[in-house]
Structure formats: C-alpha cells, structure tokens
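If you're wondering where the values come from, they're calculated on a predicted model, not measured in any experiment. The first residue in the sequence is number 1, and the count goes up from there.
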Amino acid sequence: MRFTKMHGAGNDYVYVNAFEERLPDDLPRLAIAVSDRHKGIGSDGLILIRPSTVADARMQMFNADGSEAEMCGNGVRCVAKYVYDHGIAQKERLRIETARGILELRLAVLGGKVATVRVNMGPPILKSAEIPTKLPGDPPVQVSLDVAGRELKVTCVSMGNPHCVTFVDEITDDLVLRVGPQIERHPAFPNRVNAEFIQIVSPTETIMRVWERGSGETQACGTGACAAAVAGVLAGLTERRVLTHLSGGDLELEWSAAGDVYLTGPAVEVFEGVWPT
C-alpha cells in the first residue's frame, strides 16, 4: 500500500490515495500501526483520500489510537494539496467531503504545487447538547470545570469535533500533559474532547498548545485553533481575526461576521513510501 506523509503546521498524518490503493479491512488497526513513532511510519493518525459522489474527494480520518474522528483542519488542507498536486482534481478551488459536511478550500499554488490553503470550516456548533458537553450554557463560556485538582474556566465549542478551551497566563507542561488527558476523558464530555490551552499575546495574537483526543499532544490542531478563535471572541478576549502560534507553525483564523470560520495555513508533503499489508 503506497502512502504519503504530510503535515500542516507540524500536525502530521499518513495519507493513502484510496482512489488507487487497496485498503485492509481493519482500518483502526492500520491507523494504530502506521502512527506508531517507534515501530511504524510515525504520525498523529491516518487519513484516507476517497472518491466522492458530491465533491472532488472525501476525507476519512483516524486518530493514532485507531478511533475515527469527524474532522481535522490541518488534515483537510493536506488532502486538498494531495488532490491538486497528484492530479486528482487540479482546481484552485476544491470541495472536500468530510464527516462535518462538504468544505470549500482555496489553494495558493506556487511553482505548480500547493503551498498554503484557506478553508471555510463552516459555522461553529455552540449548543451544549451538540458539542456535546454536560456543562451549562449554549455554549458554555468561561464556566467552571473541576479537573486534576484544579478549577479551570473553560469555553466549549465544536467544529464538527468537540473542543474545551482554557485561557491561561502561561502554558505549562503540567497543564498540557497532565491536565489535558484528564480533560479529554472528563465526565462532562460524553464523546471525549480536545483540550486547548491558550495564552493571549494581544487581541489579534495567541499562543496555543493542544492535547488532542485520541492522539495526545500534537504540534498543531486546525479545528482546535478555530475553536479557540471562536472561544476568544465569545469570552471577549480576542478579535475575530487572530494569528495563532503553535508548536509546529502559525495558523491564521477568522470568524467572519457572517458566521463561518476560516482557517489558513501551510500544507507540506514530506515523503512517500510503501507500507506492507
């Protein structure tokens, strides 16, 4: 099975062209195997690029623990780059089908290859029952969450997958690596949750680290950055356009007055190879 390793701001996945490649039946097991950073290819998960009857391609994604996820903002940008660069659909405006719905992407092409992608992630999901979370509010904004011996003020948003955003004075390893996993599996989140920790630099600039549901700490999370941008506006801490610095690079976010969230960032192909199946 041929694969391509790609990343968006350091958020790396193994991509397989399901237009051409024959896939094994047990996809969760495949995701776990290829994601292993010691015995596999090494990645935050597995993303399949499948044919679609309603868009240019369909994205199906699995976390590193084999669980299937609804959406990945960095991943869908890399899917768009693959679709263009590998000749599946060479258009500078693409439509990609995801579990969130059909997303529209605008590609910036340099030297015949996609360099950056701007994607309309659609409107955030703000009703608690749909995020889902048991915390009060539609959405919960700066509400108390008791976790890991701390009382945090959190804001919850879904971008097709659930996020719990905490604004802090300083982002520490203790918060991300100890508290993050406990937020992920907190009873307030019936489908588990991604945990974002945000440090405000200015109303238009933030720093973010993330503990991703099913993958642990990753260098970037596109949907998490989108959720944090929305949370910043809801909490009155940031403006609608913000630059976010992540461990793997920078992402540009905009929560438009019309309601959609736009994510712009890099998409990079690292290498190709063959995985024995």
Side-chain angles (χ1 to χ4, degrees), residues 1-105 107 109 112-115 117 119 160-161 191-192 212-216 218-223 266-277:
M1 181 188 74
R2 294 198 62 82
F3 70 87
T4 302
K5 177 75 176 286
M6 305 179 76
H7 78 85
N11 192 194
D12 62 334
Y13 288 87
V14 172
Y15 293 78
V16 178
N17 180 352
F19 283 79
E20 298 178 356
E21 300 299 322
R22 183 175 180 179
L23 300 168
D25 293 332
D26 193 341
L27 294 176
R29 182 178 179 182
L30 176 65
I32 293 169
V34 300
S35 299
D36 192 306
R37 295 194 183 273
H38 300 286
K39 299 178 180 179
I41 300 164
S43 67
D44 293 328
L46 170 69
I47 292 182
L48 308 178
I49 303 169
R50 293 185 175 276
S52 171
T53 59
V54 293
D56 296 297
R58 176 168 70 91
M59 179 178 83
Q60 182 182 18
M61 68 167 295
F62 296 85
N63 296 315
D65 68 355
S67 58
E68 189 167 356
E70 303 92 340
M71 187 53 212
C72 176
N74 292 316
V76 75
R77 292 201 318 278
C78 288
V79 167
K81 175 179 173 62
Y82 187 99
V83 166
Y84 183 95
D85 288 0
H86 291 259
I88 294 173
Q90 288 194 313
K91 302 184 293 185
E92 294 187 10
R93 291 178 181 266
L94 290 174
R95 289 160 49 87
I96 303 297
E97 181 184 359
T98 74
R100 171 82 201 269
I102 297 173
L103 301 185
E104 297 183 356
L105 303 96
L107 285 54
V109 180
K113 300 287 186 181
V114 173
V117 178
V119 52
N161 54 355
N191 290 347
R192 297 190 291 164
E212 283 205 56
R213 177 185 61 167
S215 293
T218 59
Q219 291 199 352
C221 176
T223 54
V268 179
E269 183 172 322
V270 184
F271 63 86
E272 295 182 329
V274 177
W275 178 264
T277 57

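A salt bridge links D12 to R37: one of the charged nitrogens lies within less than 4.0 Å of a carboxylate oxygen. Note on E70 versus R213: salt bridge recorded, some NZ/NE/NH1/NH2 to OD/OE distance being below 4.0 Å. R95 has a carboxylate O that lies under 4.0 Å from a charged side-chain N of E104, or vice versa, which qualifies the two as a salt bridge.
If you run side chain to side chain contact (heavy atoms under 4.5 Å, CB included) between Y84 and each of L105, L107, V117, only L107 comes through. Each of V34, T4, L30 was scored for a side chain to side chain contact (heavy atoms under 4.5 Å, CB included) with V14, with one residue passing: V34.
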Q. Given R2 and N17, is the side-chain contact (heavy atoms from CB on, under 4.5 Å) satisfied, shown in steps?
A. CA-CA 8 Å; R2 294 198 62 82; N17 180 352; over 6 Å; no

Q: Please step through side-chain contact (heavy atoms from CB on, under 4.5 Å) for the pair M1 and R22, ending with a clear verdict.
A: CA-CA 7 Å; M1 181 188 74; R22 183 175 180 179; over 6 Å; no

Q.
I'd like to know whether H86 forms a side-chain hydrogen bond (donor to acceptor under 3.5 Å, both in side chains) with E269, so could you lay out the CA-CA distance, the side-chain angles of the two residues, the decisive distance to 0.1 Å, and finally the verdict.
A. CA-CA 11 Å; H86 291 259; E269 183 172 322; 3.1 Å; yes

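For D36, the salt bridge (charged side-chain N to carboxylate O under 4.0 Å, His left out) test picks out no residue, with sequence neighbours left out. Scored by the side chain to side chain donor-acceptor pair (under 3.5 Å) test, K113 finds no partners at all (sequence neighbours excluded). By the side chain to side chain donor-acceptor pair (under 3.5 Å) test, T218 is found to be paired with E212, residues two or more places apart in sequence or in another chain being considered.
If you take CG on N161 and CZ on R100, they are separated by 9.0 Å, rounding to the nearest 0.5 Å. Atoms CD1 and CZ, on I96 and R50 in that order, are 14.0 Å from each other to the nearest 0.5 Å. Separating the CG atom in L46 from the CH2 atom in W275 is a distance of 10.5 Å, to the nearest 0.5 Å. Separation of atoms CG (D56) and CD1 (I49) is listed at 12.5 Å; rounding is to 0.5 Å. Atom CZ of residue F271 and atom NZ of residue K5 lie 5.0 Å apart, to the nearest 0.5 angstrom. S35 OG to I41 CD1: the interatomic distance, rounded to the nearest 0.5 Å, is 8.0 Å.
Scanning both residues, G45 and Y13, for their nearest heavy atoms gives C-CD2, 3.3 Å. The two atoms that bring S67 and D65 nearest to each other are OG-OD1, 2.6 Å, heavy atoms only. Summarising the geometry of P51 relative to R58, their closest heavy-atom pair is O-CB, 3.8 Å, with the distance given to 0.1 Å. Shortest non-hydrogen contact noted between T223 and G73 is CG2-N, 3.6 Å. Across F62 and L48, no two heavy atoms sit closer than the pair CE1-CD1, 4.2 Å. Summarising the geometry of C72 relative to N11, their closest heavy-atom pair is SG-OD1, 3.9 Å, with the distance given to 0.1 Å.
Side-chain atoms of K81 come within 3.5 Å of backbone N or O of V114 as a donor-acceptor pair. With hydrogens and angles disregarded, a donor-acceptor distance shorter than 3.5 Å links the side chain of R77 to the backbone of P266. Checked by atom type and distance alone, the side chain of E97 never pairs as donor or acceptor with a backbone atom of S52 at under 3.5 Å. Formation of a donor-acceptor pair under 3.5 Å by the N63 side chain with backbone atoms of G66 is not found in this model.
Contact check for Q60 versus E68: side-chain heavy atoms found under the 4.5 Å cut-off. With contacts defined as side-chain heavy-atom distances shorter than 4.5 Å, the pair V270/M6 does not qualify.
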